[in-house]
Amino acid sequence: MKNVIVYTTNSCPYCVMVKNFLNQQRIPFKEINVEAKPELMLELVNKTGQMGVPQIEIDGQWIVGFNPNAIMNALNN
């Protein structure tokens, strides 16, 4: 199973959609709330160049936003 990390904030509806999608697909993931840990948001921006959430890291591959097809492709490759 691939390592899945979802970076979220408290008020992001797309973050909820990503988490619901992963749960429905029975894909385990770790959630990191960057609103609760602002220093991680800076790390995230440095890694991806993106400020938006959700950002999903699947074994080093980054997906920005709620994109079920990209998530499944990353998990299956």
Side-chain angles (χ1 to χ4, degrees):
M1 181 59 65
K2 295 192 176 188
N3 187 36
V4 180
I5 303 171
V6 180
Y7 295 85
T8 66
T9 61
N10 295 332
S11 59
C12 168
Y14 294 104
C15 298
V16 173
M17 292 169 70
V18 166
K19 293 186 291 183
N20 287 342
F21 174 77
L22 292 171
N23 285 325
Q24 289 168 353
Q25 300 298 316
R26 300 185 192 278
I27 298 165
F29 64 94
K30 176 182 178 184
E31 178 180 3
I32 297 177
N33 185 320
V34 296
E35 196 168 330
K37 298 180 181 177
E39 67 279 5
L40 293 179
M41 186 63 192
L42 184 57
E43 273 184 44
L44 193 59
V45 171
N46 288 335
K47 284 182 187 177
T48 68
Q50 300 288 323
M51 289 191 65
V53 288
Q55 292 194 42
I56 305 105
E57 182 181 12
I58 302 173
D59 280 353
Q61 180 177 344
W62 289 93
I63 299 164
V64 178
F66 177 56
N67 187 335
N69 290 333
I71 292 169
M72 295 309 293
N73 284 340
L75 287 168
N76 291 323
N77 289 331

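Heavy atoms only: backbone and side chains are in, while hydrogens, waters and symmetry mates are out.
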Under 4.5 Å between side-chain heavy atoms, counting indirect links through other Ile/Leu/Val/Met/Phe/Trp/Tyr residues: same cluster for Val16 and Ile71 or not?
no

Nearest heavy-atom contact between Cys12 and Pro54 is SG-CD, 3.8 Å

Hey, quick one: are Leu75 and Phe29 part of the same hydrophobic cluster, counting side-chain heavy atoms closer than 4.5 Å, chains of contacts allowed?
yes

In short, side-chain hydrogen bond (donor to acceptor under 3.5 Å, both in side chains) pairs touching residues 16-26 with sequence neighbours left out are Lys19-Glu31

Once rounded to the nearest 0.5 Å, what's the spacing between atom NZ of Lys47 and atom CG of Leu40?
8.5 Å

Calculate, to the nearest 0.5 Å, the distance between atoms CD and OH belonging to Gln50 and Tyr7 respectively.
14.5 Å

Worked verdict on Thr8 versus Val18 for side chain to side chain contact (heavy atoms under 4.5 Å, CB included):
CA-CA 9 Å; Thr8 66; Val18 166; over 6 Å; no

In the single-linkage hydrophobic clustering (I, L, V, M, F, W, Y; side-chain heavy atoms under 4.5 Å), do Val4 and Met17 co-cluster?
yes

What's the verdict on side chain to side chain contact (heavy atoms under 4.5 Å, CB included) for Asn67 and Ile56, showing C-alpha distance, side-chain angles and the deciding distance?
CA-CA 10 Å; Asn67 187 335; Ile56 305 105; over 6 Å; no

So which pairs with a foot in residues 56-65 pass side-chain hydrogen bond (donor to acceptor under 3.5 Å, both in side chains), sequence neighbours left out?
none

In the single-linkage hydrophobic clustering (I, L, V, M, F, W, Y; side-chain heavy atoms under 4.5 Å), do Ile5 and Val64 co-cluster?
no

Return the CE to CG distance between Met51 and Leu44, rounded to the nearest 0.5 Å.
10.0 Å

Consider only side-chain heavy atoms of I, L, V, M, F, W and Y, link residues closer than 4.5 Å, and tell whether Ile58 and Phe21 are in one cluster.
yes

